[in-house]
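Notes to accompany the following structure.
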Amino acid sequence: MQNIFKNKYLDQKKLVKDHFYYLVSNFSELNQKQIDNLSINIVKNAQSYKAGSPFSKLIHEFSLTSNEGIVLMCLAEALLRIPDAKTINDLIEDKIPIGDWKKYIKNDKDLFVNISSIAFLLTGKIVQEKVEENKNILGKVVKNLSGPILRNAIKQAINILAKQFVFERDIKKAIDFSNEKKHDKYTFSFDMLGEAAVTYEDSDRYYKQYEQAIIETGKGKNPHKKSISIKLSSLHPRYERNKLDLLKKELFPKAYKLTELGRDNNVDICFDAEEADRLNLSLFIFKEIIESKLIDEKYQGFGFAVQAYQKRAFFVLDWLKKYLNEVNKKINIRLVKGAYWDTEIKIAQEQGFTDYPVFTKKFATDISYLACAHKLYENDNIFSQFATHNAHSISYIKTLFKDRDFEFQKLHGMGDEIYSYLEKDDNFKCRVYAPVGGYKDLLPYLVRRLLENGANTSFIHQLKTKDFDILKLVQSPLTKIDKLDEDKIKKPIEIYGDRKNSKGLDLSEEDVVDSLKFNGKFKDIKAYSLINGEDIKSDEVIDIKSPHSSTTLGKKYFVDEKISEAAIESLKEYSSKWKNFPIEKKVEIFLKFADLIEENTNDIIEICAKESGKSIKNSIAEIREAVDFCRYYSKEALNLFQTQTLKGPTGELNQYRMIGKGLSFVISPWNFPVAIFVGQTVAALITGNVVITKPAEQSSFAAYYIIKLLLKAGLPNNAIALLLGDGALIGKKVINDKKLKNVIFTGSLETAKIIQSTLQQKENIPTFVAETGGLNCMIVDTSALTEHVVKDVVNSGFDSAGQRCSACRILCVEENVYDHTKHTLIGAMKTQQVGNPEELSTDIGPVIDTEAFENINNHIKKFDKVFQIDINLNQGNFVPPTLIEIEKLSDLKNEVFGPVVHMLKYKASNLDQLIEDINDLGFGLTLGIHSRIDKTIDRVVEKAEIGNIYINRNMIGAVVGVQPFGGYEKSGTGPKAGGPEYLKRLCHEQSISNNTASMGGNASLLSEVED
Ligand SMILES: Cc1cc2nc3c(=O)[nH]c(=O)nc-3n(C[C@H](O)[C@H](O)[C@H](O)COP(=O)(O)OP(=O)(O)OC[C@H]3O[C@@H](n4cnc5c(N)ncnc54)[C@H](O)[C@@H]3O)c2cc1C
């Protein structure tokens, strides 16, 4: 399996050229004519195919890249699940006017498309109030329609659309329907709709559905060998690589039992393929099943899907060849190209992976599919199943497998026009993937199908395009091989163009997982202050305690006033030199620093986990943010510090430039011991200021380690002093210094106010940049998808044990979906693992210290309606994720810095009041909105006085240079960290006007002028 693991990010060109090209081109050369003829015949037949499903007509009519297509997708996704008439009306009103429905109404008798277009048109007209009296019958009908009738018309149209994807609503009906004569050329694989369980309750429900489906399908001895398709993500709410041990206990047995049930009932089982980061995990499960007694000569119906768009597909099949031979067992493999391509690209970019796990050229995916088919052909222990609607892929495979038993597979509601050509073959075998279930569970499936049909590169999409060129459509993907070099999709590391994206760690990879088993390197640690680059061994020595165990990690040495003073003096001496240090050289240092942070990622993760109780995942995000700060501010500073020559009268040189101010004081918090610490310190330094940096007492060692790296990167020793110790003591000394120019602070509102009032006493007016907390709300209306909301709340409210200033503190949910949201949220909270942050499986670590622990618990005790999960941990500062129901916003006054989310019910009609109340809280940091209705979103955005607004996503993890971060009022002064204004606040502007004509007149003017 090592070969599979190590090839996840293999170079696409190398893979295609070294592994696939000869295999596919040799076969193609010998069989080109046959493959071409068959492809052309399939396409010609498809062109004249009449019995297209209403769905394919609809897709054909409304291109999914058009406004109407997008509206359709949005309506179909949301309308069937919105509980209240008002929101349905709002949604219709919001979306329908976007489309130009009239153009789809034709004179032909295509009833379905006409009915839906008319329904949309009527509504569009009504909501726009543009019904023209004399405009034929439609106008009159519209005038007489009432709201409920309209809603029904639209709902009906969407219902019909949904029905095209869903084979039947329950398994018994699905089996009956599949047995109808019209299906006798096909067999079926029933897919029980529903995936990505969010709660254990969901996964139990899905499991029971699969159980019932297998038993029902097996009844009557299953002569057509119908099968069941299963999604592992639906069987467990935490189907993630970092949960391997838990999954071995909770998911593996379920997969095993369903296979056993398949065996007992003579039903084939196929596990679907899902996201790339789940591949290893799924292979561990499949290997266990194959090795078990379930798979033998009697039962060879176990199988799984392999996605050819993944670079590892070929290696998976390579491994299976050797492995199945060794164990001498037979299985089925369904070869698909893959349905999550856009998601894979996004994840890799967001996470800063070295490359993509999937191909970025469509033709590379197609070639991979064919190369994988060769691998399957070579393997006698696999029954091959080819799931594709692409005429070329089909023809190639039919030609390759002419002497072998195999089957094709197609999706219900798609590809009928393609496969109808093959139906006449004697040995035609095709299985239909038939989704079964209620429309409630339709969404993820629907979105994937609509995307697949709408993508420009999709074969089916091109087939439906008017006047397509047949020869081009069916040409071999090999003809494009020279285009491998022209990749429009930039590598994840390059997405920001002029600066490198920070590197992430792929926690689903085995070597990464192994590298994160800490080996005790950070035992007996010592954290010193640093002045002139020297460790300061002061007298006040304090134990560094781990927040999650009673362990003493080492010692920290706190400074006194005298040492603080010495630090200030040493910086003052160097201030002018640093101010005039060339910006290019400064930037070099900070870019090197970024690289050094990346090189030492594993050390820093361990330090964050041990000293600050940060989970491994959070520690990685923290390191990436720090690296992004260095690179972003470097890029900004390089521009900002270029001297500009301004236009003016001749004989003068007018220049404008930025210069450092001088002594700056950086005070950073323990909750981001690396990211904020680095961000603030680098911003102050790169703008030419000498810096006293004072980290939180709790994260002294992280600060010491980081500043050592900064000095190693080449920062002159005298440009920075790291002072560890009591904030009030150091603060008093530094803030009262006459030369102090900037104070850059992140921390509590209370401390910010103390600093502010001290600064007000001073003669000069130092710049004060403060970032404090927030009472952050998320607003959820009834059009939002509950599962999505809940995932985002868990993430925004409980991640980092709620110790983020951006965290969701109050979840405001519309009354019609309040109970359902609460129920699902509680279910999702039960899936969170609280514990030792040094373990990869831990979701939520401890809060920082006993004081925080007590404060949070005292807050919780004030309320009656409280839900907490059981955690059973007898040491460490652990607070379980907590949900508190409140009656009104004013029940809360201050930020509670822990894993506590408050839940508030609101009425849709009071939305404006709710926004006002949120504004009245006086904080303005982050706000989340979950809604499918643009007008609602716009209304909230217009009225909310909040610095960072997040729509239909979580509300934490602002990315440097992408979502500049910071709030207003009690949340901070601005400018936003990681934004274009930040550096400007920390330096002075200087204008230099030189009378160049003062000595001897304006010689240059005289020499320039011609007669
Ligand atoms: C019976 C059946 C079962 C299925 N089960 C699964 C499953 O378990 N898991 C799953 O993921 N999918 C599954 N699918 C969906 C399947 O992946 C898609 O239907 C399939 O990708 C469409 O392939 P095609 O050959 O019909 O279309 P084509 O249009 O020829 O190919 C589409 C493929 O190209 C990829 N592509 C598009 N643009 C690019 C690009 N720029 N670079 C690289 N690749 C690109 C797409 O992502 C897609 O994979 C199943 C499909 C069927 C028919």
Side-chain angles (χ1 to χ4, degrees), residues 12 15-16 39 42-43 165 167 186-191 195 227-234 269-276 278-279 282 303-311 313 332-345 348 356-370 372-373 385-397 407-419 430-435 444-445 448-465 473-477 480 483-484 486-489:
Q12 139 171 299
L15 186 50
V16 172
S39 310
I42 291 175
V43 172
F165 291 105
F167 191 66
Y186 293 86
T187 188
F188 289 83
S189 186
F190 300 115
D191 157 59
E195 49 200 283
S227 58
I228 299 292
S229 289
I230 300 176
K231 285 205 163 40
L232 284 167
S233 64
S234 70
I269 300 292
C270 179
F271 286 97
D272 286 351
E274 301 184 64
E275 290 84 353
R278 285 157 160 175
L279 179 69
S282 63
F304 57 92
V306 173
Q307 295 158 321
Y309 70 7
Q310 279 206 53
K311 293 172 178 172
N332 300 323
I333 289 292
R334 175 204 297 155
L335 187 65
V336 302
K337 287 182 190 165
Y340 307 85
W341 185 80
D342 53 322
T343 312
E344 299 297 354
I345 299 291
Y356 297 100
V358 294
F359 296 102
T360 52
K361 290 282 188 188
K362 158 77 164 73
F363 68 84
T365 293
D366 289 336
I367 297 173
S368 166
Y369 194 81
L370 304 181
C372 288
Q385 302 170 320
F386 295 100
T388 170
H389 309 117
N390 179 315
H392 181 271
S393 310
I394 290 173
S395 307
Y396 189 103
I397 280 150
E407 72 179 27
F408 283 118
Q409 298 195 348
K410 68 180 269 306
L411 295 171
H412 167 66
M414 280 175 64
D416 292 341
E417 67 280 48
I418 296 285
Y419 280 100
C430 185
R431 184 178 300 270
V432 178
Y433 187 92
Y445 184 80
R448 277 207 309 279
R449 291 296 78 85
L450 290 174
L451 284 175
E452 183 176 333
N453 278 281
N456 277 338
T457 49
S458 146
F459 182 86
I460 288 282
H461 179 81
Q462 292 181 45
L463 183 68
K464 312 247 182 223
T465 314
L473 184 63
V474 299
Q475 74 188 357
S476 162
K480 297 186 183 151
K483 294 194 173 164
L484 272 172
E486 306 162 14
D487 209 343
K488 276 198 191 140
I489 298 180

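Remember, it's a predicted structure, so these values are computed and weren't measured experimentally. Atoms within a ligand are numbered from 1 in the order they appear, just like the ligands themselves.
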Pick whichever of [options] has a heavy atom sitting closest to [atom].
atom                    : options                        : value
atom 35 (C) of ligand 1 : Gln310, Lys362, Gln385, Arg431 : Lys362
atom 44 (N) of ligand 1 : Thr343, Val336, Thr365         : Thr365
atom 47 (O) of ligand 1 : Tyr369, Phe271, Trp341         : Trp341

Only heavy atoms of [X], strictly under 4.0 Å: list the atoms of ligand 1 that pass.
X      : answer
Asp272 : 8 (O)
Tyr309 : 47 (O), 49 (O)
Ala305 : 8 (O)
Tyr340 : 11 (O)
Ala339 : 10 (C), 11 (O), 12 (N), 17 (O)
Thr360 : 40 (C), 41 (N), 42 (N), 43 (C)
Gln307 : 10 (C), 11 (O)
Thr388 : 24 (P), 25 (O), 26 (O)

Should [X] be counted as touching ligand 1, given the test is an N or O pair under 3.5 Å?
X      : result
Ser393 : no
Tyr433 : no
Leu411 : no
Phe359 : yes

* Asked: According to the interplanar angle, ranging from 0 to 90°, do the rings of His389 and Tyr419 count as parallel (below 30°), tilted (30 to 60°) or perpendicular (above 60°)?
  ->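 Perpendicular: the ring planes of His389 and Tyr419 meet at over 60°.
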
I need the nearest protein heavy-atom contact for [atom]: residue, atom name and distance, please.
atom                    : value
atom 23 (O) of ligand 1 : Lys337 CD, 3.8 Å
atom 2 (C) of ligand 1  : Ala387 CB, 3.5 Å
atom 20 (C) of ligand 1 : Glu452 OE2, 3.9 Å
atom 9 (N) of ligand 1  : Ala273 O, 2.8 Å
atom 26 (O) of ligand 1 : His389 N, 2.7 Å
atom 37 (C) of ligand 1 : Thr457 OG1, 3.3 Å
atom 46 (C) of ligand 1 : Gly338 O, 4.0 Å
atom 29 (O) of ligand 1 : Phe459 N, 2.6 Å

* Does ligand 1 have an atom under 4.0 Å from some heavy atom of Ala364? ->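 No, that is not the case, since the closest heavy atom of the residue is not under 4.0 Å from the ligand.
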
* Any heavy atom of Arg334 sitting closer than 4.0 Å to ligand 1? ->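 True for this residue.
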
* Asked: Shortest non-hydrogen contact from Lys480 to Phe363?
  ->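 Lys480 and Phe363 have their closest heavy atoms at O-CZ, 3.2 Å.
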
Contact between [X] and [Y] at the side-chain level, heavy atoms closer than 4.5 Å - yes or no?
X      : Y      : result
His392 : Leu370 : yes
Asp366 : Lys337 : yes
Ser189 : Gln409 : no
Phe167 : Asp191 : no
Phe459 : Ile418 : yes
Thr365 : Thr457 : no
Cys372 : Val306 : no
Arg334 : Ser229 : yes

Side-chain donor/acceptor of [X] to backbone N/O of [Y], under 3.5 Å:
X      : Y      : result
Glu344 : Pro357 : no
Glu407 : Arg431 : no
Lys311 : Tyr356 : yes

* Does Arg278 come within less than 4.0 Å of Glu275, counting only side-chain N to carboxylate O? -> yes

* Check the pair Tyr396 / Tyr369 against ring-ring contact (aromatic ring centres under 6.0 Å, His included), numbers first and verdict last. => CA-CA 10 Å; Tyr396 189 103; Tyr369 194 81; 9.5 Å; no

